[in-house]
Visitor: 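Can you read through this structure? Questions will come right after.
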Protein chains: 2
Amino acid sequence: MPTISDVAKRSGLSKSTVSRVLNNYPHVSEEKKERVQKAMAELEYTPNPSARKMRGALTTTIGVVVTRIVNPFFSYLVNAIEQVAYEQGYQVVVFQSNEDQEKELSFLQLMQHKQLDGIIMASIENDEEVIETYLAYGPIVFVNEYIQHMNTVPSVRINHIAAAYEGVMHLLNQGHRRIAYCTGGLFEQQGQSDDRNIGYKKALAEKGIEVDPQFVFVNKHTIEDGESVGRAIFQMKEQPTAVFTGSDEVAAGVIAAAHELNQRVPEDLAVVGFDDQPIAKITYPKLTTIKQPVDDMGRLAANLMIEALNGTTPTENETVLETKFVERDTT
Amino acid sequence: MPTISDVAKRSGLSKSTVSRVLNNYPHVSEEKKERVQKAMAELEYTPNPSARKMRGALTTTIGVVVTRIVNPFFSYLVNAIEQVAYEQGYQVVVFQSNEDQEKELSFLQLMQHKQLDGIIMASIENDEEVIETYLAYGPIVFVNEYIQHMNTVPSVRINHIAAAYEGVMHLLNQGHRRIAYCTGGLFEQQGQSDDRNIGYKKALAEKGIEVDPQFVFVNKHTIEDGESVGRAIFQMKEQPTAVFTGSDEVAAGVIAAAHELNQRVPEDLAVVGFDDQPIAKITYPKLTTIKQPVDDMGRLAANLMIEALNGTTPTENETVLETKFVERDTT
DNA sequence: GTTAAATTTGAAACCGATACCAAAAACTTA
DNA sequence: TAAGTTTTTGGTATCGGTTTCAAATTTAAC
């Protein structure tokens, strides 16, 4: 690999001059500039990023942390972030935390040594205090998840409480009284899923209905999870007549279980999904769900990050995007 | 950020000794070792990766190139690779090429300056000669895709010809004679999809059937693509009675289009998918498809890469894994 | 009790870039 | 034409590690 010294030698100039050409500094005569460029071309020279980072240069690399990339919500989110970043000359590297605190921490640490200029967190495993520590090394942006009352980190999210409330209220208004509930997280806990839990509870409460713990399924993420939830529901003596799920995947699994057990959707069980991913249009019947503006979320988060990297103070500290209830055929 | 010099100062020793402790070199007395470790802990010291790379150290980072991460086949593949790599102490960074040659090239270049130890390519946009150039900078492993007769790069793949042949032959044996065909690539071209094309043509040829260009759909990837293919098929005067698709996504889209147009699957149109992703179990009817051992592919590719990085000559240069025809309800 | 060998330690060079500073060259102005 | 600016260029220190080499110390061997 040729180095800057090789280019200097070949062009008969000094490293300093080559560096100036490389970084488009003023005060380089047109003649020498061309000589340098010629030498660089001939040697197929490319600057060594590690050496640059040593001098504190930006890496133009943004990290994105998600729990699992196989979750379509995250892969679409990453895709949107990547699009914007690429346009602005930034690289994106994706990290899967697998919900592991340690792993997440090791990603945050990459900022310390400028391997990453900034980090967009689409999932949060560590505490507020821990994350705050790393703000010293570069900007952090929350997307999808957030930490309540933490206003040192800009966030892009939806109103999970309202979204869940709307979904459950729709079912209630249709006359359902026994409504099961699936979440990717826990039922009694802080954070995102907590917000959806609140929406669920609030809707039920307004109709004077108590939460039946038997109807609550926690830590459900995948199609398989949804199938097992469906099977569990259909073998209860007193079955729920509807289920509000945490994702389209889980919902699709529930529907598949219904087919298997010869149960009708929505007659025997109404189903509401979450996300409005492409999959929502290929279940049969088509899935009623809550549309998250995943592309907008990704784009906004990326823009917030790039603004922060450019030293602009963020326009908005907390952006809450609208969800949309999409009624199809499962309710 | 504390540096190695800070640790040296605090422990009253030299940088060299600290470096030796850091890298587990022999010939460091137990006493000094402890002093260094104590100082490192107190300062919360972490070594600067850029500085290390400058001296040619490995980065323990593996790059994976895919076309689009939102394609579940790729996200599952990446997931499997990541698992193995993480166990072995390697980081994985994922790149989306979006089928852009330039972009792919810029990833390959990262190896030149040891930003990446090696690259696993799950998609290939550049020519053999170009890729060969980068072998000088680190190992490359092909997975899923490959380049024929290129034995300088180990590859993990399936037999696309046989897989497509088996799927199409299944339809032929059921009596279908007008069989449509979807591919993610082109119909007349080199590479992966070309292999599937060969299998399709071969099966038809054996039954003495000519390819009807009208029945061939190219560059189809998504559920939406599948829906449009379905709509196109159902409005033909002389419709195909079956369709062999390039992915479960496309197949699911075709099935969705059938529902929309009140056509029955498989009675009016039989459908065969490819991949056997989770989505194959939630279409209605459940999708007949060809199972790719995506986890095995990812794991094997990762292991090949790690072997190569450890200097071991690869056990196998070309690993061809078995696919499995999974008959469900759409045929 | 020497001498040889092995272990332990530190000083200094080095990796490849950037940044500061001073010297040289070119250009203004009086 | 001399003095003062401005532009252009190169030398050298620096970032934070690793590596080489030699010196100092300890251990082993005779």
Side-chain angles (χ1 to χ4, degrees), chain A residues 1-40 43-61 109-117 137-138, chain B residues 1-40 43-61 109-117 137-138:
Chain A
M1 273 281 89
T3 72
I4 198 172
S5 301
D6 298 327
V7 176
K9 208 170 294 169
R10 181 161 194 120
S11 61
L13 297 164
S14 71
K15 293 199 302 176
S16 318
T17 303
V18 176
S19 176
R20 281 191 270 263
V21 173
L22 214 48
N23 295 283
N24 265 50
Y25 284 162
H27 306 315
V28 181
S29 68
E30 205 51 44
E31 184 227 334
K32 318 264 159 157
K33 195 170 186 170
E34 274 163 25
R35 258 164 64 189
V36 168
Q37 283 166 338
K38 183 157 164 286
M40 293 201 300
L43 294 169
E44 293 185 8
Y45 166 80
T46 48
N48 183 322
S50 300
R52 285 185 148 174
K53 278 175 214 158
M54 289 269 300
R55 303 292 306 176
L58 287 186
T59 65
T60 62
T61 303
Q109 285 176 357
L110 290 177
M111 263 203 309
Q112 290 186 20
H113 296 291
K114 284 288 157 214
Q115 302 304 109
L116 255 37
D117 290 343
Y137 306 114
Chain B
M1 273 283 88
T3 71
I4 199 172
S5 301
D6 298 328
V7 177
K9 208 170 294 168
R10 180 159 194 122
S11 60
L13 297 163
S14 71
K15 291 201 301 177
S16 322
T17 303
V18 177
S19 176
R20 286 188 193 101
V21 173
L22 216 48
N23 295 283
N24 265 49
Y25 283 163
H27 307 315
V28 181
S29 69
E30 206 51 43
E31 183 228 333
K32 316 265 162 157
K33 195 169 185 172
E34 274 163 25
R35 257 163 67 187
V36 168
Q37 282 165 339
K38 182 157 167 285
M40 293 200 301
L43 293 169
E44 293 185 10
Y45 166 80
T46 49
N48 184 324
S50 299
R52 287 185 146 175
K53 279 177 215 159
M54 290 268 298
R55 299 291 300 179
L58 287 186
T59 64
T60 61
T61 304
Q109 284 176 359
L110 291 177
M111 263 203 310
Q112 290 185 21
H113 296 291
K114 285 288 155 211
Q115 303 304 108
L116 256 36
D117 290 342
Y137 306 115

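Sequence lines set the chain letters: A, B, ... in the order given, protein chains first and strands last, and positions in each chain run from 1.
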Visitor: Looking at residues 27-36 of chain B, who's got a heavy atom less than 4.0 Å off DNA chain C?
Guide: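 Result for residues 27-36 of chain B: B:H27, B:V28, B:S29, B:K32, sorted by number.
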Visitor: Please round to 10 degrees the angle between the axis of the first five pairs and the axis of the last five pairs in the helix from C:dG1-D:dC30 to C:dA30-D:dT1.
Guide: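 For the helix from C:dG1-D:dC30 to C:dA30-D:dT1, the axes at opposite ends meet at about 40°.
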Visitor: State which residue, out of B:D6, B:I4, B:N23, fulfils the side chain to side chain contact (heavy atoms under 4.5 Å, CB included) condition with B:V18.
Guide: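 Of all the options given, the one that passes is B:I4.
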Visitor: Of all residues at least two apart in sequence or in a different chain, which pass the side-chain hydrogen bond (donor to acceptor under 3.5 Å, both in side chains) check with B:S14?
Guide: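 Applying side-chain hydrogen bond (donor to acceptor under 3.5 Å, both in side chains) to B:S14 gives B:T17.
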Visitor: One pair to check against side chain to side chain contact (heavy atoms under 4.5 Å, CB included): B:M40 and B:L22. What are the steps and the verdict?
Guide: CA-CA 10 Å; B:M40 293 200 301; B:L22 216 48; 3.5 Å; yes
Visitor: Between A:K15 and A:S5, what is the shortest heavy-atom contact and its length?
Guide: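 Answer, listing the atom of A:K15 first, then A:S5: CD-OG, 3.4 Å.
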Visitor: If you walk 5' to 3' along DNA chain C, what is the first nucleotide with an atom under 4.0 Å of a heavy atom in chain B, and what is the last?
Guide: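 Both ends considered, the range comes out as C:dT7 to C:dG16.
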Visitor: Would a 4.5 Å heavy-atom cut-off, applied to side chains only, mark A:M1 and B:Y137 as touching?
Guide: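 Of all side-chain heavy-atom pairs linking B:Y137 with A:M1, at least one is under 4.5 Å.
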Visitor: Just to verify, what does A:T61 make a side chain to side chain contact (heavy atoms under 4.5 Å, CB included) with, not counting sequence neighbours?
Guide: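 Partners of A:T61 under the side chain to side chain contact (heavy atoms under 4.5 Å, CB included) test: A:T59, A:Q91, A:V93, A:L116.
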Visitor: Go through the structure and list residues passing salt bridge (Lys or Arg N to Asp or Glu O under 4.0 Å) with A:K38, not counting sequence neighbours.
Guide: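 So A:K38 forms a salt bridge (Lys or Arg N to Asp or Glu O under 4.0 Å) with A:E42.
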Visitor: Can you give the donor-acceptor pairs under 3.5 Å from side chains of residues 44-58 of chain B to other protein atoms, not counting sequence neighbours?
Guide:
{"unit_1": "B:T46", "atom_1": "OG1", "unit_2": "A:H113", "atom_2": "NE2", "d": "2.7"}
{"unit_1": "B:N48", "atom_1": "OD1", "unit_2": "B:S50", "atom_2": "N", "d": "2.8"}
{"unit_1": "B:N48", "atom_1": "OD1", "unit_2": "B:A51", "atom_2": "N", "d": "3.4"}
{"unit_1": "B:S50", "atom_1": "OG", "unit_2": "A:Q115", "atom_2": "OE1", "d": "3.0"}

Visitor: Going by side-chain hydrogen bond (donor to acceptor under 3.5 Å, both in side chains), name the residues that satisfy it together with B:S16, two or more places apart in sequence or in a different chain.
Guide: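 Residues passing side-chain hydrogen bond (donor to acceptor under 3.5 Å, both in side chains) with B:S16: none at all.
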Visitor: Mark up nucleotides 15-24 of chain D, 5' to 3', with B wherever a protein heavy atom is under 4.0 angstrom from a base atom, S wherever such an atom reaches only the sugar-phosphate, and - elsewhere.
Guide: BBBBBB----
Visitor: Under a 3.5 Å distance rule, please check whether A:S11 uses its side chain to pair with a backbone N or O of A:V7 as donor and acceptor.
Guide: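 Flag set: sc A:S11 to bb A:V7 pair under 3.5 Å.
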Visitor: I need the minimum non-hydrogen distance between B:D117 and B:T60, along with the two atoms involved.
Guide: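 Shortest heavy-atom contact: OD2-N, 2.7 Å.
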Visitor: Under 3.5 Å, side-chain donor or acceptor atoms of residues 24-34 of chain B against the rest of the protein: list the pairs with distances, not counting sequence neighbours.
Guide:
{"unit_1": "B:S29", "atom_1": "OG", "unit_2": "B:K32", "atom_2": "N", "d": "3.4"}
{"unit_1": "B:E31", "atom_1": "OE2", "unit_2": "B:R35", "atom_2": "NH1", "d": "3.1"}

